[in-house]
Amino acid sequence: MDRIIEVLRDRIGEKRLGHTLSVVEESLILAKKHKAPEEKVKIAALLHDFAKNITLEESVKLVKDYNLELDDVTITSSELIHGPLGARMVRDYFNIGDQEILNAITYHTTGRENMTTVEKIVFLADFIEPARDFEGIEVIRKRSLENLDEAILMALDSIISYLINKRSIIHANTIHARNYLLKKGIGE
Ligand SMILES: [Fe+2]
Ligand SMILES: [Fe+2]
C-alpha cells in the first residue's frame with residue numbers, strides 16, 4: 001500500500017491524494033457495513049482516480065496505445081475517460097488482474113447496470129466522501145449505510161439532474177444503471 005501511495009502522490013498530486021484517501025476510508029466503512037471484501041475495496045478505491053490528472057489529449061493517445069475500445073462519449077470527456085483508462089493503466093503499473101477491482105475503477109464515474117458490491121461501494125464512496133458537499137448528500141450518506149441500491153439510485157438521480165441542468169451529455173451506462181435499479185423495484 002505504501003508503494004501505491006508513493007506512485008499516486010507522484011501521479012495525481014497531494015490534493016487528489018487527499019480525496020483518494022477519503023474515498024478509501026469511506027469505502028472501508030461501507031465494506032465493513034455491507035460485508036464486502038475489504039482488501040479488494042481498498043485497492044479499487046486507492047486506484048480509482050489513477051488516470052485523473054492526465055490531459056484529455058494525452059489520455060486519448062494512451063487509449064490508442066493500449067488499444068482500448070472506448071465509446072464516442074467516453075473518449076471525448078476527461079470526466080469519463082479516466083475510469084477505463086485508469087483501470088487499464090493499473091494493470092500495468094501494479095500488475096492487478098482482478099477483474100472486479102478493474103471494473104470498479106472503470107465504472108466509478110458512470111455506474112452501470114448490475115454492479116457488484118465492490119463496484120457499488122467505490123462508486124458511492126467517491127460520491128459521498130467527506131469533502132463532497134451538495135444538496136441532499138446527507139440523506140445519501142445515511143442511506144448508503146443501510147441500503148446500497150437505494151443510495152445508488154439516489155446518487156444516480158442526483159447525477160442525472162445535475163447533468164441535465166448543465167445541459168451535459170449523460171453516459172448511457174448511467175441511464176442503464178438507474179433503469180436497472182428501477183426495474184428491480186428499488187426505491188418503491
Ligand atoms: Fe474519478
Ligand atoms: Fe474520485
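Computed over heavy atoms, backbone and side chain alike; hydrogens, waters and symmetry mates excluded. All ligand and atom numbering here is 1-based and tracks the order in the structure. The residues of the chain are indexed from 1 along the displayed sequence.
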Closest approach of Pro84 to Leu70 (non-hydrogen atoms, all atoms of both residues): CB-CD2, 3.7 Å
Partner of Asn53 under side chain to side chain donor-acceptor pair (under 3.5 Å), chosen from His82, Glu58, Lys15, Arg16: Arg16
Flag, side chain of His48 to backbone of Ala44, donor-acceptor distance under 3.5 Å: no
Atoms named by residue and atom, protein N, O or S, within reach of the Fe ion (ligand 1) (under 2.8 Å): Asp49 OD1, His82 NE2, His108 NE2
Whether Phe127 and Phe134 hold their rings parallel, tilted or perpendicular, with breakpoints at 30° and 60°: tilted
Tyr93-Phe50 aromatic ring centre distance below 6.0 Å: yes
His19 atom (N/O/S) at minimal separation from the Fe ion (ligand 2): NE2
Residues in side-chain hydrogen bond (donor to acceptor under 3.5 Å, both in side chains) contact with Thr74, at least two apart in sequence or another chain: Asp71, His171
